[in-house]
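Written below as structure tokens is the structure these notes are about.
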Amino acid sequence: MPVIKIETRIKGDVKVVFDLARSIDFHLISTSGSKERAIAGKTSGLIEEGESVTWRAKHMGVYQNLISKVALLQRPNYFAN
């Protein structure tokens with residue numbers, strides 16, 4: 001199976017950056033131009049292990065429901081679906 005790995009270096013406190021990466025509220029702010037919405041599951045705050053969020057988003061003119069689930073989480077090292 002192909003694996004895509006993205007590495008981003010950020011000059012900041014690792015705990016703050018980690019929490020921003022799993023913040024539903026921050027994601028909503030960052031996608032305000034595309035009017036993305038959290039419509040089901042965890043819809044605000046920090047997503048935790050075992051939780052999911054369903055996003056309603058319009059990409060390339062087509063509305064989609066996208067589900068993200070955090071299967072594993074070890075703060076502040078990683079989270080994975």
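Position 1 is the first residue of the sequence, and the numbers go up from there.
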Rounded to the nearest 0.5 Å, what's the gap from [atom1] on [X] to [atom2] on [Y]? Could you check?
X	Y	atom1	atom2	value
Ser68	Ile47	OG	CD1	7.0 Å
Arg37	Arg56	CZ	CZ	7.0 Å
Lys42	Thr54	NZ	OG1	14.0 Å

Return yes when atom [atom1] of [X] has more than 12 non-hydrogen atoms of other residues, nucleotides or ligands closer than 6.0 Å, and no otherwise.
X	atom1	value
Asn81	CG	no
Lys69	NZ	no
Tyr63	OH	no

Could you tell me which non-hydrogen atom of [X] sits nearest to which non-hydrogen atom of [Y], and how far apart they are?
X	Y	value
Ala38	Val53	CB-CG2, 3.8 Å
Glu49	Ala71	CG-O, 3.3 Å
Gly45	Asp25	N-OD2, 2.9 Å
Ala57	Leu66	CB-CD1, 4.2 Å

Give the C-alpha distance, both sets of side-chain angles, the deciding distance and a yes or no for salt bridge (Lys or Arg N to Asp or Glu O under 4.0 Å) between Glu36 and Lys58. CA-CA 7 Å; Glu36 202 162 309; Lys58 187 176 185 179; over 6 Å; no
Between Glu48 and Arg22, is there a salt bridge with N-O shorter than 4.0 Å? yes
Given the options Asp13, Leu46, Leu73, Phe18 meets side-chain contact (heavy atoms from CB on, under 4.5 Å) only with Leu73
So do Asn65 and Trp55 actually touch side chain to side chain, heavy atoms under 4.5 Å?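 They are not in side-chain contact.
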With a 4.5 Å cut-off on side-chain heavy atoms, are Leu72 and Val70 touching?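 The answer is no, as the side chains (C-beta and beyond) never meet within the 4.5 Å cut-off.
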Main-chain N/O of His27 paired to Ser30 side chain as donor or acceptor, under 3.5 Å: yes
Does the Thr43 side chain pair with the main chain of Ala40, one donor and one acceptor, at a distance under 3.5 Å?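 It does not hold such a pair.
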